[in-house]
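In what follows, a structure is listed as structure tokens, so that the remarks can point back to it.
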Amino acid sequence: MRLLAPAKINLFLFVTGKRPDGYHLLRSLMCPIGLYDEITLTVGKKEITCHCNHPDVPSGPGNLAHRAAAAFLERIFGTGTEDGVAISIDKQIPVGAGLGGGSSNAATVLLGLNRHFGSPLSREQLLSMGASLGADVPFFIFSNPAIAGGIGDILEPAPPIRPFRVVLIYPEVAVSTAEVYKKLNFGLTNHEKENKKILFDGDVFDPAVHLHNDLEAVAATLCPEIKSAREALASVGADGVLTSGSGSSVFGVFFDAGRAETAAGTLSQRFKNWRVFSVEALV
């Protein structure tokens with residue numbers, strides 16, 4: 001099976017609390033975009049193997065996709081099963097970019113294996129299994145724009161979103177999500193919006209108006225390239241600009257596809273050391 005695992009962006013991200021175990025509570029509008037890793041699954045093996053063509057991604061049990069396959073096969077066939085699968089990941093989604101690539105890979109493996117074996121698990125069971133693997137995995141099983149709560153694992157359907165195209169910059173610098181949260185001044189963040197209603201006016205989310213990310217300022221202190229990427233996107237006429245998740249990727253919203261393509265071309269020529277993508281928001 002050859003499967004596509006999409007990236008995501010966060011159109012808003014509010015940090016709303018912190019649990020006793022240290023995990024931060026969020027409310028975030030997550031949207032898949034048309035930037036994909038390609039996953040190849042070969043079932044009928046005697047063990048689980050996982051290989052990725054990116055040098056910074058583990059190619060064994062340390063890979064979240066490997067753990068997803070192990071969890072699924074153990075659930076279906078029991079502990080000690082000799083049923084296995086070979087997983088090959090052609091990595092196109094940048095690593096350490098706030099785009100959810102690893103979580104998307106894991107979700108795609110769960111969905112692919114479930115389909116191959118005749119859908120023995122319900123969507124709710126897959127969502128629960130995904131949550132045990134990582135906070136963003138359920139979103140990619142959900143497979144549509146969603147408002148995420150809790151640590152990112154409680155999902156509800158998103159409101160209609162004004163269609164747009166994304167010009168995405170990855171400045172070739174990874175940012176540690178754990179480091180961003182470690183440096184987050186939660187008290188200040190919470191105080192600034194304690195009386196602020198999360199969401200938006202009307203029935204449609206407008207990415208030109210309502211973009212917000214509580215993690216952006218901290219991420220930019222760890223990765224100065226974020227500020228440069230924001231300025232670059234603004235300079236080519238983006239209708240809105242935001243860092244995705246904990247960074248380091250920055251995206252520009254464009255409501256005109258032609259302008260998006262022109263902007264991406266301009267940025268690619270101007271900044272040879274950045275990776276620039278022009279992709280569709282899957283709304």
Side-chain angles (χ1 to χ4, degrees), residues 1-9 30-73 83-116 129-130 133-141 143 166-179 223 225 229 244-251 264-265 267-268 271-282:
M1 285 179 286
R2 281 196 173 93
L3 307 167
L4 294 178
K8 62 82 181 171
I9 54 175
M30 302 170 71
C31 178
I33 60 174
L35 173 62
Y36 303 94
D37 288 343
E38 185 173 293
I39 312 287
T40 302
L41 301 179
T42 306
V43 295
K45 303 292 184 178
K46 290 192 175 294
E47 61 180 356
I48 300 170
T49 60
C50 182
H51 175 75
C52 180
N53 63 352
H54 193 292
D56 295 334
V57 176
S59 286
N63 192 298
L64 200 59
H66 186 288
R67 288 165 50 197
F72 181 89
L73 294 173
D83 290 272
V85 59
I87 305 166
S88 176
I89 304 172
D90 181 5
K91 198 80 179 142
Q92 299 300 320
I93 301 171
V95 176
L99 300 172
S103 295
S104 183
N105 293 170
T108 300
V109 167
L110 291 178
L111 290 167
L113 290 176
N114 197 52
R115 189 167 72 213
H116 174 80
M129 186 176 291
L133 295 165
D136 285 347
V137 178
F139 165 73
F140 290 104
I141 294 172
S143 299
V166 174
V167 175
L168 181 76
I169 291 175
Y170 175 61
E172 294 288 5
V173 180
V175 172
S176 165
T177 299
E179 192 67 18
C223 177
E225 290 85 353
S244 184
S246 56
S248 62
S249 63
V250 180
F251 65 90
L267 293 172
S268 295
F271 301 98
K272 302 287 189 181
N273 57 327
W274 290 353
R275 292 176 68 187
V276 180
F277 306 88
S278 176
V279 297
E280 185 182 3
L282 305 178

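- Considering OG of Ser248 and CG of Leu99, their distance stands at 8.0 Å, rounded to 0.5 Å.
- With a 4.5 Å cut-off on side-chain heavy atoms, Cys31 and Leu282 do not count as touching.
- Under the rule for a side chain to side chain donor-acceptor pair (under 3.5 Å), the partners of Asp90 that lie at least two apart in sequence or sit in another chain are Asn53, Gln92.
- Evaluation of the ring pair (Phe, Tyr, Trp, His ring centres under 6.0 Å) rule for Phe271 yields Trp274 as partners, not counting sequence neighbours.
- Of the possible polar contacts, one joining the Tyr170 side chain to the Val95 backbone as a donor-acceptor pair under 3.5 Å is found.
- To the nearest 0.5 Å, the span separating CG on Asp37 from CD1 on Ile93 amounts to 4.0 Å.
- Ser246 is linked by a side chain to side chain donor-acceptor pair (under 3.5 Å) to Thr177, counting only residues two or more places apart in sequence or in another chain.
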Evaluate Ser278 against Val166 for side-chain contact (heavy atoms from CB on, under 4.5 Å), listing each step before the verdict. CA-CA 6 Å; Ser278 176; Val166 174; over 6 Å; no
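- Of all heavy-atom pairs between Pro94 and Phe277, the closest is CG-CE1, 3.9 Å.
- Under the 3.5 Å distance criterion, the side-chain polar atoms of Ser249 are matched with a main-chain donor or acceptor of Ala97.
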Show the numbers, then the answer: is there a side-chain contact (heavy atoms from CB on, under 4.5 Å) between Ile39 and Asn105? CA-CA 7 Å; Ile39 312 287; Asn105 293 170; 3.6 Å; yes
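- The side chain to side chain contact (heavy atoms under 4.5 Å, CB included) test applied to Val173 returns Cys223, Glu225, not counting sequence neighbours.
- In this structure, the separation between CD1 on Ile9 and CG on Leu168 is 8.0 Å, given to the nearest 0.5 Å.
- At least one donor-acceptor pair under 3.5 Å links the side chain of Thr108 to the backbone N or O of Ser104.
- Taking Lys46 as the reference, nothing meets the side chain to side chain donor-acceptor pair (under 3.5 Å) condition, with sequence neighbours excluded.
- The backbone N or O of Leu110 lies less than 3.5 Å from no partner atom in the side chain of Asn114, so there is not a single donor-acceptor pair.
- Here Thr49 pairs with nothing under the side chain to side chain donor-acceptor pair (under 3.5 Å) rule; sequence neighbours left out.
- Judged as a side chain to side chain contact (heavy atoms under 4.5 Å, CB included), and not counting sequence neighbours, the contacts of Ala107 are Val137, Phe140, Ile141.
- Annotation: salt bridge (charged side-chain N to carboxylate O under 4.0 Å, His left out) contacts of Glu280 (sequence neighbours excluded): none.
- Two residues are said to be in side-chain contact when any heavy atoms from C-beta on lie closer than 4.5 Å; Leu41 and Ser88 fail this criterion.
- For Asp136, there are no salt bridge (charged side-chain N to carboxylate O under 4.0 Å, His left out) partners at least two apart in sequence or on another chain.
- Without hydrogens or angle criteria, Lys91 side chain to Glu38 main chain gives no donor-acceptor distance under 3.5 Å.
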Expected list for residues 62-71: side-chain donor-acceptor pairs under 3.5 angstrom, two or more places apart:
from, atom 1, to, atom 2, distance (Å)
Asn63, OD1, Ala65, N, 2.8
Asn63, ND2, Pro58, O, 2.9
His66, NE2, Ile48, O, 3.4

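- Here Asp83 pairs with Phe77, Thr81 under the side chain to side chain contact (heavy atoms under 4.5 Å, CB included) rule; sequence neighbours left out.
- To the nearest 0.5 Å, atom NE2 of residue His116 and atom CG of residue Leu3 are 11.5 Å apart.
- Residues satisfying the salt bridge (charged side-chain N to carboxylate O under 4.0 Å, His left out) test with Glu172, not counting sequence neighbours, are none.
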